[in-house]
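For reference, the structure discussed in these notes is given below.
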Amino acid sequence: MEAQIKNPILLIIGMKIVMSYTSKTSSLRYAICKFSVSLRFFSYSQNQSAKKNSRFEAIGDAVALFSRLITIHPLPSVVEFNMILGSIVKMKHYPTAISLYKQMGLRGITPSIVSLSILINCYCHLGHMGFAFSVLGMVLKGGYQPNAVTLTTLMRGLCVNGEVRKAVDFHESVVAQGFVLDEVSYGTLINGLCKIGQVRDAYELMHKMEGQMVRPNVVIYNMMIDGLCKDGFVTEACGLYSEIVGQGMSPDIFTYTCLIHGFCSLGQWQEVTRLLSDMVDKNVKPNVYTYNILIDALCRKRMFRKAHDMCNLMIKRGQRPDVVTFNTLMSGYCLYNDVDEARKLFDTFVEWDIMPDVWSYNILIIGYCKSKRIVEAMNLFNKMHCTNLVPNIVTYSSVIDGLCKCGRISYAWELFNAIQADGPSPNVITYNIMLDALCKIQLIDDASELFNLLFERGLTPNVSTYNILINGYCKSKRIGEAMNLFKEMHHRNLVPDLVTYNSLIDGLCKSGRISHAWELFYVMHDSGMPVNLISYNILLDAFS
DNA sequence: TTAGGGTTAG
C-alpha cells in the first residue's frame, strides 16, 4: 500500500523529487536536501511549540518519501537514501532508521560507509553496543575503510553507555592499527573522560593528540576547561584559556560560561566580574546559560534581590529567562527553607509562558518534604500525573523520603515496590532512603535483606549506604555486624568518612568497649580525617 | 556528498 504524505510542503517536495529524478540526478539531490532541511525544521518546530503530532507527521513523511524512492526505476543512489536516514536519525527515530536500512538491503541497494556509520549510530543510541560493533565487523569484512566518523560514532556510543574506559582502549587500538582520527574523535573521548571525572586522563589525551598531528580546537579546550573547573582546578582552566588566546584562537561563549561557572563555585566574584568585562571587550554576549549560572551563584549566597536584578538585566539585554532560570530561583528559595516563595514563582510560570518541567516539580516536592509538608508534596506529585510530565527517580525518591520522614513508611514501601516492578528503577539513593527508614524503626534485619537486594539489582552501595547500616547496627547494639561492614567498605575501595567513624565510636562506647573506641579514634586520626566536635563529645560522654 | 564531539538547575 502506498504511504500517504501528510504535509503539503513535503508533498510538493516529494513530487519534485519524483519529477526531477526523471530529468536530472543533481536536481533529485537538491530536492532531497531541501526535504532534509524541512524535516529538521519540523523537528525544531516540534521542540518549540510542543505540538505532539508534528514530529510524528515529519517522521511519517520521511518514511513515505523513502517508500516512494525505493520504488523508482532505476533506483536513486545510496546518497539519497543516506540523506533520508540521516534526517530520521536527527529526529531520534532509531528503530525506524534501522528498519529502513534493512529495506534498502532487500532492494539490493549496496550500503556505503555513510549508511553503515548511520546504522552504527542508531545501535549506539539504542544502547545496543554489541550490534554496533557487529556492524563494524561487517564494515571490515565488506572491505570498507572505517573512517574517523565511523570510529568516533562507536567511541561516543561506548562513552554514553557508561564504558568510557573501553572507548579509550578502542581509540588506542585503532590508532595502533594506523587508523586516522580527527579533532572530533578526540573531543568525544575528552568529553567522555571529563564527564566521569577523569580530568587528568582527559588532559593527558589532549596533549597526546598533538603527537598524532591533531590540534585541539576551541571545542576541546572548552570541554577541558569545563572539566577542570568542575573539579575545582580553576587556575589550570585559566591556563588553558591563555593557551587558546596564545594560539590565536578566540575564546567563545562556552569558554567564558565554563570559567564563570568555575569562579562562581569558588565564590571569586572579582574574577567573575573580570571575565564579564573581558567578554564585553571581545564582543561575546552572555547567553541564558551564563545568566542562569550567575543567578544560581547569587541565590546560593541568599542574595535574592540581586538574583532578581540579574533576571531583569538579562531581559533588558534580550535574553529571555527560561525554565532553568525559574528552577534556579525556586531552588535558591528552597535552599533557605522558603518553599512558599518558591511556590509563588512556580505559580507565575503561566504568565511567563514557561512550561514547568520535572525539575520544577522535583524542587518544590523536595522543598515541601524538607518542611514536613507531605500533603502539599503529594498534591504536586499527583498533579504531575495530570500533565504530560513523567516523574523520574528523583521525584519518586523525594516522595518516598518525605513519606518515610513523616512516618508513613508502609506507603513509602508500597511506592518503592511499585517502581521496582514498573517505573524508574530505584538507584542507590532510593535504596539509602529506604534503608535509613528501616534502620530508624529498628528493622535492621529487613534493612540487611534490602541491602542484599541492592546487589542483586546490579547497584553499587556508596559510603552513605554503609553509614546508614553501620549506624543501624550500632544503635541495635550489634557491633560485630557493624564492624564487618566497616571492613567490607575497605574491600570495596570505599573510604570511611567522619560519619562512619563517629557511628562506630559511639556504638563501641555504648557497648562498653571504650578501649576499642579509642583504638578506632586513633585509626581515624592517623588516616588524616579531621576530627570534629561530635567525635570528642562521644568519647567525653563515654568517660563521664 | 549523505554520517560523528561542547555550556545551566534537584
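Residue numbers begin at 1 in each chain, while the letters A, B, ... track the order of the sequences. Since the structure is predicted, the reported quantities are computational estimates derived from the model, not experimental observations.
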Across all chains, not counting sequence neighbours, the side-chain hydrogen bond (donor to acceptor under 3.5 Å, both in side chains) partners of A:D231 are none

Set of side-chain hydrogen bond (donor to acceptor under 3.5 Å, both in side chains) partners for A:T150, sequence neighbours left out:
A:S117, A:N147

Checking all strands, does [X] fall into the base, sugar-phosphate, or nothing category for heavy-atom contacts under 4.0 angstrom?
X: A:D322; value: nothing
X: A:K195; value: sugar-phosphate
X: A:T152; value: base

Mind checking whether A:Y333 and A:H308 have parallel, tilted or perpendicular rings, split at 30° and 60°?
tilted

Where along [range] does a heavy atom fall under 4.0 Å from DNA chain B?
range: residues 200-220 of chain A; value: A:N217, A:V219, A:I220
range: residues 239-269 of chain A; value: A:D252, A:F254, A:H261
range: residues 94-118 of chain A; value: A:V114, A:S117, A:I118

State, without any angle test, whether A:D357 and A:N327 hold a side-chain donor-acceptor pair at a distance under 3.5 Å.
yes

Would you sort out whether A:Y256 and A:Y241 count as a ring pair (Phe, Tyr, Trp, His ring centres under 6.0 Å), showing the intermediate values?
CA-CA 9 Å; A:Y256 283 108; A:Y241 167 86; 5.7 Å; yes

Is the distance from the ring center of A:F416 to that of A:Y396 below 6.0 Å?
no

Presence of salt bridge, A:K208 and A:E172, under 4.0 angstrom
yes

Looking at A:R373 and A:D340, does any basic side-chain N land under 4.0 Å from a carboxylate oxygen?
yes

Sidechain-backbone polar pair: A:R320 side chain, A:W352 backbone, donor-acceptor under 3.5 Å:
yes

Is A:N147 side chain donor-acceptor paired with the B:dG4 base, going by distance under 3.5 Å alone?
no

Those residues that, when tested against A:Q198, pass side-chain contact (heavy atoms from CB on, under 4.5 Å) (two or more places apart)
A:R165, A:L193, A:I196, A:D201

